[in-house]
Chemist: 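Can you read through this structure? Questions will come right after.
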Amino acid sequence: MANVQDHPFHISNTLSRKKEAFIPLDAPHVGLYVCGPTVYSDVHLGNVRTFLTFDILFRWLTYLGYKVRYVRNITDVGHLVDDIDEGEDKIAKRARMERLEPMEIVQKYTNGFHDVMRQFNILPPSIEPTATAHLIEQIGMIERIIANGYAYAVNGSVYFDVPKYAETHDYGKLSGRKTEDQMSNTRGTEGQEEKRSPLDFALWKKAEKGHLMHWPSPWGEGFPGWHLECSVMSTKYLGHTFDIHGGGMDLKFPHHECEIAQSVAADGEAPVRYWMHGNMLTVEGRKMAKSEGNGFTPEELVTGNHKLLERGYSPMTVRFFMLQCHYASTLDFSNAALQAAEKGLQRLMAANDILAKLKPSAEGTSFDVGALVKACYAAMNDDLNSPVMIAHLFDGARAINGANDGNVALSQQEIDQLRKLFNEMLFAVLGLMPEAEAKAGDDLSAGLMSLLLTMRADAKNRKDFAASDLIRDKLTELGVTVKDTKDGPVWERA
RNA sequence: GGUCGCGUGGCCGAGUGGUUAGGCACAGCUCUGCAAAAGCUGCUACUGCGGUUCGAAUCCGCACGCGACCUCCA
């Protein structure tokens, strides 16, 4: 673990549009909230990237010694299909299609979401609250907003009064919008006649006939508005003002803007000090999104069962691929890039394996391990610059391989330092997992391999290379790679 | 239309006003019975046009191209 004092963390704050020193409200405690998935369909790859970004943040802050309370919600209440529809929400719609109870849908896709998170080694949050379990708090927040004069009830629905709020507050400060501009840019207002202003957004929606998920409220049967649950659950578990709120770039407006307005209107305090937004995943230059239909599921990516994929890629390859790009940049998916990442990850892992067996040596050129360690810390502290940190690890890998070949001098102390660094950065911080273990096979294959390699060694000793190569070639056909190293042959499954 | 962002070598992707990012691919060499792995060497870019500067891929302006948000979306 590193010491925060020696390694101050800097974070890009969407609010200020600047990189700022990260100073928690109540160090060493840090409150982190991330908008979680809506569980009405399979989690898609864009979600994985966002949750991976904040997984790295969680891991890094923890590594620095902070005590992080990480809250990531599950949206199980269902949001409206859009602002002007008849009130059927996404989960209800899906439930009708599949003839399942809404909560059955929720459970199914929550389980699926958790499976994917596990597969990609994304750590579970400290608290994973659900919207449906916080209806009372949501209703309470609406009542406070109404009491403060920033919301009004119409026909069983409640709307947030944006123009009223904008008179005295900066609605749009997060997303860089002006309410005047938005007024002139608003699209058709049909179906919105209940609202006093097209900018207003729903805090509570009356449940129309046939709407499956609804609850009683002071305004009648209905369900909460889209933005309310995050405001309620973040402040309930992290306080009226907390440190970091994260989410995908596409949530900046209106979702996060509305969260700010709700919290200020209800409790008079800005909820978040540092806003962090992860960028989008793109395919052929376009945003990968459910609505675009151009994405694939994590499962399809792993199995390769999708028309855009030449073959499957392991979860750790995908994880590493994503981490080779800064979270605030768009990342484009391509087979070539995935394959490059796969090779790179293998190289790093192989170097780490060599490091475990490396013996000290005074031969060759020296290598400054201390500088490498500092560079890795500096990269991560610079707004979570994992691609640069990984580049430094590759420098380390070259030194390790060089030492293994006798070209680089490393003392026992330096080797220990490198082992600590690689172990911490690769596994604790980047959250990578060695994949070889799962492929090693059972005792029987280990025994058979041992036998085959002994026979091959015999053949080689007799200079019967036809026989030795036959063994290696046949094994290759079976997906087993044999390599002759100076310490004898090693094998691994493809 | 409004707001914001991006445009880096064959590909993916970092980046600071002046020193090699890194990975993958490719070529040569070393090692090796061969192969693989590894090492060494090479390939050294910054959309275009102006401007600021002793000096800009990095700052400013314009142009072109692309994208995101403005509607549920991570």
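Just so it is clear: chains get the letters A, B, ... in the order the sequence lines come, proteins before strands, and each one is counted from 1.
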Chemist: Have a look at A/F394 and say if it touches a base, only the backbone sugar-phosphate, or nothing, with a 4.0 Å heavy-atom cut-off.
Modeler: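 Sugar-phosphate, backbone atoms only, no base.
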Chemist: Roughly how many Å is it from NZ in A/K18 to P in B/G5, rounded to a whole number?
Modeler: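 Checked: the NZ to P distance equals 13 Å.
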Chemist: For B/C4, does OP1 or OP2 lie under 4.0 Å from any side-chain N or O of A/R17?
Modeler: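 No, outside the criterion.
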Chemist: Decide yes or no, distance alone: a donor-acceptor N/O pair under 3.5 angstrom between the base of B/G5 and the side-chain of A/N279.
Modeler: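 Between B/G5 and A/N279, which were checked side chain against base, a qualifying N/O pair under 3.5 Å is absent.
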Chemist: Does any donor-acceptor pair link the side chain of A/R177 with the base of B/C4 at a separation under 3.5 Å?
Modeler: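 Answer no: no donor N or O sits under 3.5 Å from an acceptor.
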Chemist: In terms of relative ring orientation, are A/F201 and A/F160 parallel, tilted or perpendicular, with 30° and 60° separating the classes?
Modeler: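 Judged by the thresholds at 30° and 60°, the geometry between A/F201 and A/F160 is parallel.
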Chemist: In terms of ring plane angle, is the pair A/H306 and A/F296 parallel, tilted or perpendicular, where the classes change at 30° and 60°?
Modeler: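 It falls in the perpendicular class, over 60°.
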Chemist: Is there a donor and acceptor pair closer than 3.5 Å between the side chain of A/R347 and the base of B/A37?
Modeler: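 No.
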Chemist: Between B/G39 atom P and A/R398 atom CZ, what is the distance in whole Å?
Modeler: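 For the pair A/R398 CZ and B/G39 P, the rounded distance is 6 Å.
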Chemist: Counting just side-chain N and O atoms, does A/R286 come under 4.0 Å of either OP1 or OP2 of B/C66?
Modeler: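 So the side chain of A/R286 is outside the cut-off, no N or O lying under 4.0 Å from OP1 or OP2 of B/C66.
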Chemist: Is any side-chain N or O of A/N385 closer than 4.0 Å to OP1 or OP2 of B/G15?
Modeler: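 Yes.
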Chemist: How close or far is atom P of B/G67 from atom CE of A/M280, stated in whole angstroms?
Modeler: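 In whole Å, B/G67 P lies 16 Å from A/M280 CE.
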Chemist: Would you mind reading off the distance between A/L251 atom CG and B/C73 atom P, rounded to a whole angstrom?
Modeler: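 That distance rounds to 6 Å.
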Chemist: Classify A/M288 by what it touches in the nucleic acid, base, sugar-phosphate, or nothing, heavy-atom distance under 4.0 Å.
Modeler: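 Base contact.
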Chemist: Going by an N to O cut-off under 4.0 Å, is there a salt bridge joining A/D170 and A/K178?
Modeler: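 No, no charged N to carboxylate O under 4.0 Å.
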Chemist: Under 3.5 Å, side chain of A/Q324 to main-chain N/O of A/I390, donor-acceptor pair present?
Modeler: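 Side chain of A/Q324 to backbone of A/I390, a donor-acceptor pair under 3.5 Å: no, none is there.
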Chemist: Which is true for A/D395 with a 4.0 Å heavy-atom rule: it touches a base, it touches only sugar-phosphate, or it touches nothing?
Modeler: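 Sugar-phosphate, no base atom in range.
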Chemist: Given the P atoms of B/A36 and B/A27, what is the spacing between them in whole Å?
Modeler: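 Looking at atom P only, B/A36 and B/A27 are 12 Å apart.
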Chemist: Answer yes or no: does a side-chain N or O of A/N401 lie under 4.0 Å from OP1 or OP2 of B/G39?
Modeler: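 So the side-chain polar atoms of A/N401 do come within 4.0 Å of the phosphate oxygens OP1 or OP2 of B/G39, strictly under.
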Chemist: Would you say a side-chain N or O of A/N47 is under 4.0 Å from OP1 or OP2 of B/A74?
Modeler: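 Result: yes.
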Chemist: In which stems does RNA chain B show up, taking only runs of three or more Watson-Crick or G-U wobble pairs whose two distances fall under 3.5 Å?
Modeler: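 Stems (3+ consecutive pairs) listed as B:1-7 with B:64-70, B:10-12 with B:22-24, B:26-30 with B:38-42, B:47-51 with B:59-63.
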Chemist: Is the distance from OP1 or OP2 of B/G23 to the nearest side-chain N or O of A/K343 less than 4.0 Å?
Modeler: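 Answer no for this pair, as no side-chain N or O of A/K343 is under 4.0 Å from OP1 or OP2.
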Chemist: So, are A/D484 and A/R456 salt-bridged, with charged N and O less than 4.0 Å apart?
Modeler: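 Salt bridge present between A/D484 and A/R456.
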Chemist: Which of these, A/F113, A/F120, A/F58, sits in a ring-ring contact (aromatic ring centres under 6.0 Å, His included) with A/F51?
Modeler: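 Result for ring-ring contact (aromatic ring centres under 6.0 Å, His included) with A/F51: A/F113.
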Chemist: Taking the side chain as every heavy atom from C-beta outward, state whether A/K252 and A/T14 have any atom pair closer than 4.5 Å.
Modeler: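 Yes, side chains in contact.
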Chemist: Please state whether the rings of A/H277 and A/H256 are parallel, tilted or perpendicular, taking 30° and 60° as the class boundaries.
Modeler: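 Ring orientation, 0 to 90° scale: tilted.
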Chemist: Is there side-chain contact between A/R472 and A/D469, with at least one heavy-atom pair below 4.5 Å?
Modeler: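 Answer yes - side chains close enough.
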Chemist: Near RNA chain B, which residues from residues 114-128 of chain A have a heavy atom under 4.0 Å away?
Modeler: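 Output list: empty, so none.
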Chemist: Any chance CD of A/E342 has more than 12 other-residue heavy atoms, nucleotides or ligands included, within less than 6.0 Å?
Modeler: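 Result for CD/A/E342: enclosed.
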Chemist: Provide the distance between the two C1' atoms, one in B/U8 and one in B/G15, to the nearest whole Å.
Modeler: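 The same atom, C1', in both gives a distance of 10 Å.
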Chemist: A/I390 has an atom CD1; how far is it from atom C1' of B/G23, in whole Å?
Modeler: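 From A/I390 CD1 to B/G23 C1': 9 Å.
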Chemist: Ignoring hydrogens and angles, are the base of B/A21 and the side chain of A/H392 linked by a donor-acceptor pair under 3.5 Å?
Modeler: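 It does not, because no donor-acceptor pair links the side chain of A/H392 to the base of B/A21 below 3.5 Å.
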Chemist: For a quick test of reading the model: is some side-chain N or O of A/S329 closer than 4.0 Å to OP1 or OP2 of B/A14?
Modeler: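 So the side-chain polar atoms of A/S329 do come within 4.0 Å of the phosphate oxygens OP1 or OP2 of B/A14, strictly under.
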